[in-house]
Enquirer: 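Take a look at the following structure, please.
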Amino acid sequence: GQEEQQTELGDLEREEARLAQELEDVDMNLARAAVQLQAAQAETAELQQWECNVFNATFKIWEEGPLGDINNFRLGSPPTVPVHWNEINAAWGQTALLLLALSNAIGLPFQRYRLVPCRNHSYLKSLTD
């Protein structure tokens with residue numbers, strides 16, 4: 001009778017207290033996870049900003065008259081201003097290095113050719129042969 005009901009009531013009150021504590025723990029874990037997520041998102045945004053700044057600092061692209069210029073190497077030779085082939089090849093080597101760095105940064109693999117940046121001796125290597 002009444003004793004059994006008291007025991008059952010006590011058991012239910014203990015179960016309620018346990019569930020309330022469990023809910024409180026879940027709420028605390030959710031709050032902790034939300035703070036960690038916010039910190040991770042801020043870190044990701046900072047890394048993305050840093051990555052853009054690295055490219056800007058490493059590869060200075062400029063326009064010099066009719067020619068493009070990368071890291072002070074001209075990308076061609078107009079008839080009026082002769083540019084030595086070593087400089088032009090070095091410019092295209094810098095361009096190849098930039099393209100490779102960008103493709104790696106965004107996870108875009110090349111399918112048919114691999115860029116091999118090597119200063120003024122850069123080249124493409126076929127991946128299909």
Side-chain angles (χ1 to χ4, degrees):
Q2 194 171 1
E3 247 180 66
E4 290 173 1
Q5 287 178 343
Q6 288 291 3
T7 303
E8 191 177 332
L9 181 60
D11 289 346
L12 289 173
E13 287 172 344
R14 281 189 292 280
E15 180 67 12
E16 181 185 21
R18 186 187 68 75
L19 289 173
Q21 182 61 49
E22 196 174 300
L23 181 60
E24 190 177 314
D25 292 346
V26 167
D27 285 344
M28 219 163 58
N29 287 337
L30 280 174
R32 190 178 306 126
V35 167
Q36 290 172 345
L37 176 63
Q38 189 175 13
Q41 288 171 333
E43 186 177 343
T44 299
E46 185 179 326
L47 285 173
Q48 287 172 340
Q49 182 64 37
W50 180 80
E51 189 174 76
C52 289
N53 290 338
V54 166
F55 283 119
N56 287 338
T58 306
F59 299 99
K60 293 176 179 64
I61 298 172
W62 199 252
E63 182 182 333
E64 189 178 304
L67 294 178
D69 179 298
I70 182 168
N71 290 346
N72 296 320
F73 296 116
R74 292 170 284 188
L75 286 157
S77 179
T80 56
V81 182
V83 177
H84 197 273
W85 275 109
N86 277 341
E87 181 179 343
I88 296 169
N89 289 334
W92 286 108
Q94 290 290 301
T95 305
L97 182 60
L98 172 59
L99 182 58
L100 183 62
L102 287 171
S103 70
N104 287 337
I106 64 171
L108 178 70
F110 290 99
Q111 302 292 319
R112 295 178 51 201
Y113 297 97
R114 180 166 54 99
L115 282 169
V116 183
C118 187
R119 296 182 308 276
N120 61 345
H121 297 293
S122 299
Y123 59 96
L124 291 174
K125 181 174 178 141
S126 175
L127 297 173
T128 57
D129 290 340

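We number each residue from 1, following the sequence as shown. Values below: all heavy atoms of this structure, side chains included; hydrogens, waters and symmetry mates excluded.
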Enquirer: Step through the shown structure and confirm whether more than 12 heavy atoms of other residues, nucleotides or ligands are within 6.0 Å of CD on Gln21.
Expert: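 Yes, the 6.0 Å shell around CD holds more than 12 heavy atoms from other groups.
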Enquirer: About how many Å separate CG of Leu37 and CZ of Arg32, when rounded to the nearest 0.5 Å?
Expert: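 So the gap between those two atoms works out to 14.5 Å.
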Enquirer: I need the Gln94 CD to Leu99 CG distance, nearest 0.5 Å.
Expert: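 Going from the CD atom of Gln94 to the CG atom of Leu99 covers 13.0 Å.
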Enquirer: Any chance you could measure Leu102, atom CG, to Ile106, atom CD1, to the nearest 0.5 Å?
Expert: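 These two atoms lie 7.0 Å from each other.
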Enquirer: For Gln48, enumerate each residue passing the side chain to side chain donor-acceptor pair (under 3.5 Å) test, keeping only those at least two apart in sequence or located in another chain.
Expert: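 Counting only residues at least two positions away or on another chain, Gln48 forms no side chain to side chain donor-acceptor pair (under 3.5 Å).
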Enquirer: Ignoring hydrogens and angles, write down the donor-acceptor pairs under 3.5 Å from the side chains of residues 108-123, residues two or more places apart or on other chains.
Expert:
| unit_1 | atom_1 | unit_2 | atom_2 | d |
| --- | --- | --- | --- | --- |
| Asn120 | ND2 | Asn86 | OD1 | 3.2 |
| Ser122 | OG | Cys118 | N | 2.7 |
| Ser122 | OG | Arg119 | O | 3.2 |

Enquirer: If you measure from CD1 on Ile61 to OG1 on Thr95, what distance do you get to the nearest 0.5 Å?
Expert: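 The OG1 atom of Thr95 is 7.0 Å from CD1 of Ile61, to the nearest 0.5 Å.
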Enquirer: Do the side chains of Phe59 and Leu100 join up, straight or via other hydrophobic residues, at under 4.5 Å, putting them in one cluster?
Expert: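 Result: no, two separate clusters.
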Enquirer: Between Thr58 (side chain) and Phe55 (backbone), is there a donor-acceptor pair under 3.5 Å?
Expert: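 It does not hold such a pair.
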Enquirer: Roughly how far, to the nearest 0.5 Å, is the NE2 atom of His84 from the CD1 atom of Ile88?
Expert: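 Interatomic distance, Ile88 CD1 to His84 NE2, rounded to 0.5 Å: 9.0 Å.
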Enquirer: Near Glu15 CD, under 6.0 Å, is it more than 12 heavy atoms from other residues, nucleotides or ligands?
Expert: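 Yes, enclosed.
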Enquirer: Indicate yes or no: at least one non-hydrogen side-chain atom of Asn53 is less than 4.5 angstrom from one of Gln49.
Expert: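 Of all side-chain heavy-atom pairs linking Gln49 with Asn53, at least one is under 4.5 Å.
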Enquirer: Could you tell me the separation between the CZ atom of Arg74 and the CG atom of Asp69, rounded to the nearest 0.5 Å?
Expert: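 If I round to the nearest 0.5 Å, the distance is 8.0 Å.
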Enquirer: Hey, quick one: are Trp85 and Trp92 part of the same hydrophobic cluster, counting side-chain heavy atoms closer than 4.5 Å, chains of contacts allowed?
Expert: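 Yes, because Trp85 and Trp92 connect within a single hydrophobic cluster, where side-chain heavy atoms sit under 4.5 Å apart.
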Enquirer: Between Ile70 and Ala91, which heavy-atom pair has the shortest distance, and what is it?
Expert: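 Looking at all heavy atoms of both residues, the shortest contact is CG2-O, 3.4 Å.
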Enquirer: Counting only N and O atoms by type, is there a donor-acceptor contact under 3.5 Å from the side chain of Glu87 to the main-chain atoms of Phe73?
Expert: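 No, because the side chain of Glu87 does not come within donor-acceptor range (under 3.5 Å) of the backbone of Phe73.
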